[in-house]
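Here the structure is laid out as structure tokens; the discussion comes afterwards.
Note that this is a predicted model, so its numbers are computed, not measured.
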Amino acid sequence: MKKMMILMMLTALMTVTTACSSDDPFESNNNYTFPEDNTGENTGGNTGAGGSSSVASGDLTTFTVAIDLATAEPTSDLGTVYYPDEEDNLSNTSANSFNEQEPTITIDLSNPTAKTENGVTVTVNGGHVTADHASEKNVCYKVTGSTSNGSLTILGDKKYEVILDGVDITNPDSAALNLLSKKRAFIMLADGSTNKLTDGTTSKNDHKGALYCKGKLMFNGNGKLEVYGNYNNAIHSADYIIFNTGNNIYAKSTANHGIKANDGIFINGGILNVEVSAAAAKGINCESNIMVNGGRTTVVTTGKGVYDTEDKETKSASCIKADSVFTMNGGELWLKSTGSGGKGINVDEQAYFNGGSTYVITEGGLYYNNGSQENTNYTGNTDNVSSDYYSSPKGIKAEGDLLIKGGRVWVRTSGYNGEGIETKSALTISGGEVASYAYDDAINSKGDMNISGGYVYAQGQHNDGLDANGDCRISGGVVYAICSGSPEVAIDANTEGGKKLYVTGGVIVAVGGLENGSSLSQACYQSSWSSNTWYALTYNGSTFAFKTPSSGGSGLVVSTPQTPTLLSGVTVSGGTSYFGGLGIASATVSGGTTVSLSSYTGGMGGGPGGGRW
């Protein structure tokens, strides 16, 4: 019932936080800022394109993701903060009854003292301290000091607050901070403080995290916290976790997940860095919903896949794993998975991108394991291999519908079979900036694909750009798609299954052509193309400039709402940069040569890129 209530509240919040898109695809979107603005002088070359793979240039191919403890928390492009219950918000005066100026109980872990004070009992066993506030309300603990062989355990039947002010706890055989009360736990990181929690590689009670909480876990304050999980997870809540503005938290696990929660993870702000290295480990893992509304979250996973002997299937590492719904409303996500079969975002139900900036890199190859043989860089044909035996690297994967309405989503995959953005259901893009440069299909949907707005770049290095296994409908926005070469196409639909590509609007640039049998209500035109060259596509006074790849599919197809003109070899200035400098909207161009356009009715090219049909 609790998960259902949270899901209903999330759905309501997603309804009010969706971004609006302009009817004019060249109009700048003022809802978010693009850090790259390649508006300098750009000129293109003239060499012929071709080959069985497509290669791009620009920031999309070179941006990096790394743990960043120093860069300030972003203050723009934020979503609305979310609390499942008003009692979770410390800024709510009715919820905040803690007396932080004169904390009820002080605990110095460097020199702990047993005592009974204000209804709280503190017991000490060596360096291990247990505090029990029983039924006392609004107890506030202020904790200082360090121990190399100790812990702090808290019990009680009412909500409580723990102020960490220069704490360093190492517990060799269990949790360092063990919050066993089932009530709300507010962790306050004291301003200017640095705190550290570490467990050992063994456990006397099979503990679940270096910081374990049995109830709801809320992080507040402007201090720093480092959590190191060497036996299991770094941070684990049996309920939900909320991160807030001002937090600076680093979680690292060498044994399991970085951050784990059963009933939800909500990132309203703060600086959050997560590293995990175990096989099939997740950076941020939740059995329910994950929502990002602000802050800067960086996750790096390095573990390979693994064969689960109980479920009899392979499983892989993921930077973010949501067993229910994932929602990105604001802030920044920086995700990198380097292990075999690794994923950036892996969602069991729906995924929503309404705002903020999401950057994803996967570098691992395809993971294969049939229970007796393992291959961490499998390059064979998987058509006749059970899907239980392999795990493909993917930037973003959703089992349910995937909807992108705003913000920026950049994805890059380089390992064998690595798809950029994939949904096992329907894909809808109605706004924002989406750019995927992938080893395999750049953007793939098992069901229908609908694009009605936004800026979309899809380049498959060894396959299609856009690939819909259902119908593919393009009615608006700007779409720049590139395939690897024949027999692949830039924009594909499942014609073999009775589906079709429908073009009724928008601005389209397709290096490698469109699927056979397409329904082209909006006129399309074809020409040859040259590699590494700046082109200018103009209609009705608006210009979209784009740079071609160094290699790619045969032939160039363009489509605009009115009859366009196309110039090759132009110099570009001004405008708004998209796709890491590969596309410029509202561009000012000079020079160039007029390209002859002929009518196009659909179909793949029959030879190397750069040639005519």
Side-chain angles (χ1 to χ4, degrees), residues 1-18 73 75 78-101 103-104 133 135-141 154 156-164 179-191 211 213-223 225 235 237-247 249 259 261-270 272 284 286-295 297 322 324-331 352 354-356:
M1 177 63 70
K2 177 164 49 179
K3 290 184 180 180
M4 180 62 68
M5 290 176 65
I6 292 175
L7 182 58
M8 291 170 64
M9 290 185 285
L10 288 172
T11 303
L13 182 62
M14 287 182 289
T15 300
V16 299
T17 55
T18 54
E73 178 181 349
T75 58
L78 307 179
T80 302
V81 298
Y82 175 73
Y83 297 98
D85 191 294
E86 64 178 10
E87 288 294 309
D88 300 328
N89 184 3
L90 267 184
S91 64
N92 184 333
T93 55
S94 65
N96 185 8
S97 305
F98 302 108
N99 183 359
E100 296 175 13
Q101 300 303 316
T104 305
H133 56 267
S135 59
E136 290 296 318
K137 296 180 179 180
N138 304 320
V139 171
C140 180
Y141 298 94
I154 295 181
D157 299 328
K158 302 294 182 181
K159 70 178 182 179
Y160 59 98
E161 183 178 43
V162 180
I163 300 175
L164 300 181
L179 307 176
L180 296 183
S181 168
K182 293 182 179 180
K183 300 302 181 180
R184 284 180 175 80
F186 294 89
I187 302 296
M188 176 65 69
L189 306 177
D191 290 359
L211 193 171
C213 183
K214 219 167 197 180
K216 302 171 178 63
L217 180 61
M218 275 66 69
F219 288 95
N220 296 276
N222 298 309
L225 174 63
I235 299 173
S237 168
D239 208 295
Y240 56 73
I241 303 176
I242 302 175
F243 298 95
N244 290 297
T245 298
N247 301 162
I249 298 174
I259 297 171
N262 291 6
D263 294 331
I265 294 177
F266 308 98
I267 303 174
N268 288 326
L272 187 58
I284 299 176
C286 186
E287 295 178 14
S288 184
N289 309 297
I290 297 177
M291 177 185 287
V292 182
N293 298 314
T297 299
S324 186
V325 176
F326 172 81
T327 306
M328 178 71 181
N329 289 323
Y352 299 90
N354 300 320

Next on the checklist: Quick check for you: to the nearest 0.5 Å, what is the distance between F98 atom CZ and T104 atom OG1?
Outcome noted: 9.5 Å
Item to check | Ion pair E87/K159, N-O distance below 4.0 Å | outcome: yes
Next on the checklist: Distance alone, cut at 3.5 Å: any donor-acceptor contact between the side chains of Y83 and N244?
Outcome noted: yes
Item to check | Closest approach of N289 to S324 (non-hydrogen atoms, all atoms of both residues) | outcome: OD1-OG, 2.9 Å
Checklist entry - With no hydrogens and no angle check, is any side-chain donor or acceptor of N268 less than 3.5 Å from a backbone partner on N293? => result no
Next on the checklist: Could you report the tightest heavy-atom contact between K214 and A238, atom names first, then the distance?
Outcome noted: O-CB, 3.6 Å
Checklist entry - Any side-chain heavy atom of L90 sitting closer than 4.5 Å to one from E161? => result yes
Item to check | Spacing of CG belonging to L189 relative to CD1 belonging to I249, to within rounding of 0.5 Å | outcome: 5.5 Å
Checklist entry - Given side chains that start at C-beta, do those of Y82 and N329 come closer than 4.5 Å, heavy atoms only? => result no
Next on the checklist: Show the nearest heavy-atom pair for residues C286 and D263, with the distance to one decimal.
Outcome noted: SG-C, 4.2 Å
Checklist outcome for this item: Residues passing the side-chain contact (heavy atoms from CB on, under 4.5 Å) test with N222, sequence neighbours excluded, are D191
Item to check | Closest heavy-atom pair and its distance - V162, I154 | outcome: CG2-CD1, 3.4 Å
Checklist entry - What is the distance from atom CD of E73 to atom OG1 of T297, rounded to the nearest 0.5 Å? => result 9.5 Å
Item to check | Check against side-chain contact (heavy atoms from CB on, under 4.5 Å), K158 and V139 | outcome: CA-CA 8 Å; K158 302 294 182 181; V139 171; over 6 Å; no
Next on the checklist: Please enumerate all residues that pass side-chain contact (heavy atoms from CB on, under 4.5 Å) together with S181, with sequence neighbours excluded.
Outcome noted: Y160, K183
Item to check | Exercise: identify the closest heavy-atom pair between A185 and C213 | outcome: CB-SG, 3.9 Å
Item to check | From D157 atom CG to E136 atom CD, the distance as rounded to the nearest 0.5 Å | outcome: 10.5 Å
Checklist entry - Does any N or O in the side chain of N89 come within less than 3.5 Å of the main-chain N or O of E86, such that one atom is a donor and the other an acceptor? => result no
Checklist entry - In Å and rounded to the nearest 0.5 Å, what is the CG to CZ distance from L179 to R184? => result 15.0 Å
Checklist entry - Would you say I284 and L272 make side-chain contact, with heavy atoms under 4.5 Å? => result yes
Next on the checklist: So does V292 get a backbone contact from the side chain of T327, meaning a donor-acceptor N/O pair under 3.5 Å?
Outcome noted: no
Item to check | L225 and F219, any side-chain heavy atoms less than 4.5 Å apart | outcome: yes
Checklist outcome for this item: Looking only at heavy atoms, the pair that brings Y240 and D85 closest together is OH-CB, 4.1 Å
Item to check | Residue among I235, D239, I242 satisfying side-chain contact (heavy atoms from CB on, under 4.5 Å) with L217 | outcome: I235
Checklist outcome for this item: Sorted by chain and number, sequence neighbours left out, side-chain contact (heavy atoms from CB on, under 4.5 Å) with L180 holds for T153, L155, N178, Y212
Checklist entry - Roughly how far apart are F266 CZ and M291 CE, rounded to 0.5 Å? => result 6.5 Å
